[in-house]
Amino acid sequence: MNQKKRLFGVVSLVAVLGVAGLLLLRTLAFDGAEQSYREDFSPDRDPARIFGGHLLLGTDNGWSGRLAEGRYVLENQGHPGDVRYFYLRPEGLDIVQDGSRAMLEVDGEFSAGEGPSGAGLLYGFDPGTGHYLAFVIMAQGQYAVLQRDEDGVQMRMSGTHGTVRRTGRNRLAIDRSGRRLRFAINGREVASLGMENVEGRGVGLLALGNGRFAFDNFVVTGKALSPELKADGTAGVVRGAQAMSIPDPPRGFRSIRHEAGSGELWLSDSLGGNSARRAMVEMIGRLGNSFQGPPALHAVIGDGEDRELRALFSARHKERELRGLLVTARTDKGVVALCLFDAPGALARSFGPLVQTASAHLPAIAAPPRSRPRAVAWQQVRLPDGSGTMKLPTDWKIVGASQGMVDAAGADGSMVSLGIHGPVLTPEAGAGYYQMPGATVRVPVAPYSDPVTALGNLFPQFGYQAPQRIVRLIDTAATPWPHNGQAAYVHFDWQQGEGAQARNYTSLALFGVMPGYGQWTFYLSIVSAPKPLFSQNLPMLMEIWQNWQVADHVHRQRLDQAAGSMREISNIIDQTHARRQQAQDRAAANWTEVFRDQTYLGDTRLGERYSVPLTQVEDWTRELNRAAGYERYRHIPLRDLQ
């Protein structure tokens, strides 16, 4: 029986890594050779030596900077278009040149003023060219990735995300892994892009526009290139891993011995009565007394019968960050609650041993019986337009196909839409486009953002036959995407229709986004089933997805089609602009005639025209035609001569 408990505990805890734990470890794992440059803007140090002595302390051309309460506060009240930055180049620390891991982090509390404004991290600064990347939080809770190159400052991507706090402190991070940069806020990845255009080794702080920008806990971590670590020879340095300050267990918990080498494991068996959810809420409340406030949850997984709940968390103790796992599990006698954690740099090594020890204290829980997938008779079919093939159950039908994009549906209401792609206008471009004559092409409108937010914005616009909306996000997982794009797998519940006619579905989707100018492109492959049938039908749906193939000659046509859609929109915009400009020119000509009291009279017989007063042109035309005996003369307005 004890062996059964131990085995189930290991499998149960390790399983959580498949969905959320890998994200935790991915954002924490460094090899043992890393070093860190840290700046906490301590009031106990000489201000002239903090951050290498490069900070603005005082006032300069509308900007002011000061050290206050252990933070660096920068304000701009004079020049809304200004960008201010401070950079370091830590010697002995690889930032961008090598293929190893590096991370840049800072806490920020920003109060934006009028106009575009924000603040955050400076990365890859080249003092020779002035080129850099910046990751900032803007007004209204938006984030943005900016790039300065020979064409000036441009916004590479921007969006909104639920992890961004509109008020208070946010932690921004740039995580470099190989040749890719990942941007995170409060521990959640919100964007990523390749770093092909990153040139320099400078890192630091940046603020733009009007506002008040407070920075704290600036950290650069990367591969050590030499035994000594300096930052322009002046700033403070922390070498290698630091010892973690261990908090005391909260009331009702006891510390469990383990062989992990570092980290802590706490156990309680007196929480929550007979409810795993209630025990989790109570544990979070008690942990707030040991940490600096309640821990922040980043991913929560549980069963539908309130037997077990798991959550990845982060917390702070004496200004140090901690990360780990919370577990509550129901037993015959009540609920067992576990909390295991370590410093971020050590958790990748200690997590496995901590889980092994924790498993011995968890109950064996019988997994709920799985629904048997129904027997399926398969057939290989060609898409009607010859653009590809797919494997479908014999009772399914293709309901639409074009250039490799396909919609298919089954008799039980299950359905797939694969390879769907197209343009999306930004709100600014969309506002102008739909007001223009000839704008008959239906194009969705949404701001460019992270894939999960973008899917939420676009999904209601995909409901051509009936209104549809996302009801609940179950889980998300980011995945790489080409051409500086972003993508994520999204598991969610949604509803089609309204009132008594509404139908509820569950879906798994791959949703990708790629940036552009005034527009961006989406990609969607999605499998869906009526909510009660999704778990049972998922193997069949994935089989369909995995056996969908697009003909080779279609790939180029699909790209051309997407470009053609944007060209059609562009032509409409250009034509409408030309008509609008023509109308403005004609109106200007009319007013010119009024102001000058001058217009033209044309002789249709000789092809000549004469300048005459505007106020008398009708009288002249009438009298001359009467004398000629026919309509020889006519009024020629100035607008007709342009």
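The first residue in the sequence is number 1, and the count goes up from there. Since this is a predicted model, take the numbers as computed values, not measurements.
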Exam field: side chain [X] to backbone [Y], donor-acceptor pair closer than 3.5 Å:
X	Y	answer
Ser387	Gly404	yes
His421	Gly419	yes
Asp385	Gln403	yes
Gln461	Val445	yes
Trp520	Ala446	yes
Ser507	Ile526	no

Subject >> Verdict with supporting geometry, Ile420 and Asp407, side-chain contact (heavy atoms from CB on, under 4.5 Å) >> reply: CA-CA 9 Å; Ile420 312 301; Asp407 295 309; 4.2 Å; yes
**OP:** Look at the aromatic rings of Tyr87 and Phe125 and report parallel, tilted or perpendicular, splitting at 30° and 60°.
**Re:** tilted
Original post:
Is the Trp481 ring parallel, tilted or perpendicular to the Tyr523 ring (thresholds 30°, 60°)?
Top reply: tilted
Excluding sequence neighbours, so at least two apart, what forms side-chain contact (heavy atoms from CB on, under 4.5 Å) with [X]?
X	value
Arg382	Thr389
Thr167	none
Met415	Ala409, Trp494, Tyr505, Ser528
Ser314	Ala296, His298, Glu321, Arg323

Heavy-atom check, side chain of [X] versus side chain of [Y], under 4.5 Å:
X	Y	answer
Leu508	Leu541	no
Ser417	Leu524	no
Trp396	Ser414	yes
Leu538	Thr506	no

Original post:
Excluding sequence neighbours, so at least two apart, what forms salt bridge (Lys or Arg N to Asp or Glu O under 4.0 Å) with Arg171?
Top reply: Glu105, Asp107
Original post:
Under the salt bridge (Lys or Arg N to Asp or Glu O under 4.0 Å) test, which residues partner Asp493, sequence neighbours left out?
Top reply: Arg472, Lys531
Closest heavy-atom contact between [X] and [Y]?
X	Y	value
Ala144	Met138	CB-CG, 4.0 Å
Leu172	Ala119	CD2-O, 4.2 Å
Leu354	Phe341	CD1-O, 4.1 Å
Ser525	Trp548	OG-CZ3, 4.2 Å
Val190	Gln486	O-OE1, 3.0 Å
Val443	Pro423	CG1-O, 3.7 Å

**OP:** Using the side-chain contact (heavy atoms from CB on, under 4.5 Å) rule, take Leu206 and Arg148 through it: C-alpha gap first, then chi angles, then the decisive distance, then the call.
**Re:** CA-CA 12 Å; Leu206 177 142; Arg148 184 186 182 193; over 6 Å; no
Subject >> Working for side-chain contact (heavy atoms from CB on, under 4.5 Å), residues Asn537 and Asp412 >> reply: CA-CA 10 Å; Asn537 286 359; Asp412 64 356; 2.9 Å; yes
Subject >> Near-ring test Phe183/Tyr143, centroid separation under 6.0 angstrom >> reply: no
**OP:** Measure from the ring center of Phe459 to the ring center of Phe492 and say whether it is less than 6.0 Å.
**Re:** yes
Subject >> Within 6.0 Å of CD in Gln379, more than 12 heavy atoms from elsewhere >> reply: yes
**OP:** Using the ring-ring contact (aromatic ring centres under 6.0 Å, His included) rule, take Tyr448 and Phe522 through it: C-alpha gap first, then chi angles, then the decisive distance, then the call.
**Re:** CA-CA 10 Å; Tyr448 183 75; Phe522 79 89; over 10 Å; no
**OP:** Take Ile398 and Met390 through the test side-chain contact (heavy atoms from CB on, under 4.5 Å) and record every step on the way to the result.
**Re:** CA-CA 10 Å; Ile398 294 176; Met390 66 189 309; 4.0 Å; yes
